[in-house]
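Whatever order the structure lists them in is the order used to number ligands and atoms, beginning at 1. Note that the structure is predicted; figures quoted are calculated from it, not measured.
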Amino acid sequence: MRLAGKVAIITGGANGIGLAACERFAEEGASVIMADFDEQAGKEQEALLKEKGHGVTFAQVNVADRESVASLVEKTLEQYGKIDVLINNAGITKDATLLKMDPADFQRVLDVNLTGVFNCTQAVAPHMIEAGGGKIINTSSVSGVYGNFGQTNYAATKAAVVGMTKTWAKELGRKGINVNAVAPGFTATAMVAKMPENIIKQMASVVSLQRLGKPEDIANAYLFLASSESDYVHGHVLHVDGGIMM
Ligand code: NAI
């Protein structure tokens, strides 16, 4: 039990990578708050995980809305008394090439993927400081590291997440808080399923392991960074991408 007694908030926890992380963290003994905008999936998945005996609670949140995030943190503290781990996993795409990108879609992706990460971390960090420590894990992407066709908005946010991770590592390390990021490669979730099939095949072909990632591949990296095994890993961006570029 690598997370016994720990309380973890996982944003975007109702689907894909976040959902795999909720299950994996609960298997390792954590009390998990599955924080997601998608109420239907959240309630369904919460029930399924509870049937398996896991300590997972769904909480509806819009990470782009500061009041909603404040209420999530308040309720979590009321129920569990502390927050040991924050996984800033919620994210969206609104893809288009630069020349075709609607400015509203540019902004919407910034609101969720960038401001959302800022909102959640700013709300949680004071409580971790008060408790003497914690683990914050942000979700970047191969797109943020290398750029990606049609993803001006998304790549910008995922590069920004790296900058925030390193900044927070410098600011919060002295307070006992580890801050790291995971940069997933192309992973088989609804986010990728939206893309045309030929693009998905092309994406898999550039991966050294010749396959897309599974949500569990990324969840296991979150788990490592949330556990005490990574206590001396700090300000790091862990690439979990099957070897896309080396
Ligand atoms: P997904 O689309 O399967 O799940 C994302 C979850 O975030 C959904 O449950 C959605 O309801 C939730 N969400 C969206 N907006 C929200 C908001 N405003 N407030 C709260 N929750 C919100 O996506 P996936 O693939 O599981 O992605 C998880 C993270 O991994 C994202 O940050 C994504 O950018 C990142 N990532 C994914 C890759 C992939 O190939 N699937 C590659 C690299 C990074």
Side-chain angles (χ1 to χ4, degrees), residues 9-24 33-46 56 58-73 86-95 105 107-120 123 137-148 150-151 153-162 164-165 181-195 199-200 202-204 206-207 211-219 221-222 237-242 244-245:
I9 293 180
I10 302 178
T11 71
N15 292 286
I17 294 167
L19 176 60
C22 287
E23 178 151 23
R24 197 69 197 86
I33 295 86
M34 173 195 280
D36 203 294
F37 192 61
D38 183 347
E39 189 172 23
Q40 195 188 336
K43 287 194 166 158
E44 278 168 21
Q45 296 301 339
E46 177 194 42
V56 174
F58 170 68
Q60 197 186 21
V61 70
N62 175 5
V63 295
D65 175 350
R66 287 178 71 81
E67 275 181 33
S68 171
V69 170
S71 152
L72 166 74
V73 170
L86 170 65
I87 312 283
N88 281 310
N89 165 84
I92 59 168
T93 51
K94 297 253 177 238
D95 293 354
D105 285 344
Q107 190 57 48
R108 182 72 194 131
V109 170
L110 261 65
D111 290 346
V112 175
N113 298 10
L114 176 56
T115 310
V117 175
F118 167 74
N119 288 342
C120 292
I137 295 122
N138 297 325
T139 309
S140 179
S141 165
V142 279
S143 301
V145 180
Y146 306 114
N148 198 22
Q151 292 199 316
N153 46 6
Y154 183 79
T157 63
K158 294 301 182 176
V161 160
V162 172
M164 293 199 297
T165 300
V182 172
F186 303 117
T187 308
T189 68
M191 188 176 273
V192 163
K194 281 193 285 191
M195 297 177 175
I199 301 282
I200 296 178
Q202 195 194 327
M203 284 181 340
V206 298
V207 177
R211 68 166 175 89
L212 297 186
K214 294 178 282 188
E216 296 74 24
D217 293 323
I218 315 304
Y222 288 161
V237 182
L238 180 55
H239 292 218
V240 185
D241 60 14
I244 284 184
M245 285 199 203

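- Of the possible donor and acceptor atoms, one in the side chain of Asn89 sits under 3.5 Å from a partner among the backbone N and O of Thr11.
- Taking each heavy atom of Thr139 and Asn88 in turn, the nearest pair found is OG1-O, 3.0 Å.
- Counting heavy atoms closer than 4.0 Å to ligand 1, residue Val112 contributes side-chain atoms (C-beta onward) but none from N, CA, C or O.
- Across all non-hydrogen atoms, the minimal contact from Gln60 to Phe37 is NE2-O, 2.9 Å.
- Less than 4.0 angstrom separates some heavy atom of Asn62 from each of these atoms of ligand 1: 17 (C), 18 (N), 19 (N).
- Minimum interatomic distance between Ile200 and Met195 (heavy atoms only, all atoms of both residues): CD1-O, 3.5 Å.
- Near Gly16, the atoms of ligand 1 lying under 4.0 angstrom from a non-hydrogen atom of the residue are 3 (O), 26 (O).
- The shortest N or O to N or O distance between Thr187 and ligand 1 is below 3.5 Å.
- Listed for the Ser71 side chain is no donor-acceptor partner under 3.5 Å among the backbone atoms of Glu67.
- Contact annotation for Ser140 and ligand 1: only backbone heavy atoms (N, CA, C, O) come within less than 4.0 Å of the ligand.
- Ligand 1 has no atom lying under 4.0 Å from any heavy atom of Ser68.
- The minimum heavy-atom distance linking Ala159 with Gly144 is given by the pair CB-O, 3.5 Å.
- Each of the following atoms of ligand 1 lies closer than 4.0 Å to a heavy atom of Val61: 19 (N), 20 (C).
- In terms of polar-atom proximity, Val63 is counted as a contact of ligand 1, with an N or O under 3.5 Å from an N or O of the ligand.
- Scanning the protein heavy atoms around atom 4 (O) of ligand 1, the nearest turns out to be Asn15 CB, 3.9 Å.
- Of the heavy atoms in Ile17, both backbone and side-chain atoms come closer than 4.0 Å to ligand 1.
- Remark: side-chain polar atoms of Thr189 are not paired, donor with acceptor, to backbone N or O of Ile17 under 3.5 angstrom.
- Side-chain atoms of Ser140 come within 3.5 Å of backbone N or O of Lys158 as a donor-acceptor pair.
- For Arg108, the salt bridge (Lys or Arg N to Asp or Glu O under 4.0 Å) criterion is met by no residue, not counting sequence neighbours.
- In this structure, the protein non-hydrogen atom closest to atom 11 (O) of ligand 1 is Asp36 OD1, 2.6 Å.
- For Asn113 (side chain) and Gly91 (main-chain N/O), no donor-acceptor pair under 3.5 Å exists by modelled atom type.
- Contacts between Ile92 and ligand 1, counted as non-hydrogen atom pairs separated by less than 4.0 Å, involve the side chain only.
- Regarding atom 5 (C) of ligand 1, its nearest protein heavy-atom neighbour is Gly91 O, 3.8 Å.
- Residue contact annotation: Pro215 has no non-hydrogen atom under 4.0 Å from ligand 1.
- Short contacts between ligand 1 and Phe37, defined as distances under 4.0 Å to a heavy atom of the residue, involve ligand atoms 16 (C), 17 (C), 19 (N), 20 (C), 21 (N), 22 (C).
- Between Arg108 and ligand 1, no N or O atom pair is found at a separation short of 3.5 Å.
- Against a heavy-atom cut-off of under 4.0 Å, Phe186 is close to the following atoms of ligand 1: 40 (O).
- The part of Thr189 lying near ligand 1 is the side chain, judged by heavy-atom distances below 4.0 Å.
- Taking both residues in full, the closest heavy atoms of Cys22 and Gly13 are given as SG-O, 3.6 Å, listed atom of the first, atom of the second, then distance.
- Counting only non-hydrogen atoms, the option in Asn89, Thr139, Val192, Thr115 that gets closest to atom 31 (C) of ligand 1 is Asn89.
- Closest to atom 42 (C) of ligand 1, if we only count protein heavy atoms, is Gly185 O, 3.1 Å.
- Listed by number with element, the atoms of ligand 1 under 4.0 angstrom from any heavy atom of Tyr154 are 33 (C), 34 (O), 35 (C), 36 (N), 37 (C), 43 (C), 44 (C).
- Every residue two or more places apart in sequence or in another chain was checked for a salt bridge (Lys or Arg N to Asp or Glu O under 4.0 Å) with Lys214, and none qualifies.
- Considering CD1 of Ile10 and CD1 of Ile33, their distance stands at 8.5 Å, rounded to 0.5 Å.
- The shortest contact between atom 7 (O) of ligand 1 and any protein heavy atom is with Gly12 CA, 3.4 Å.
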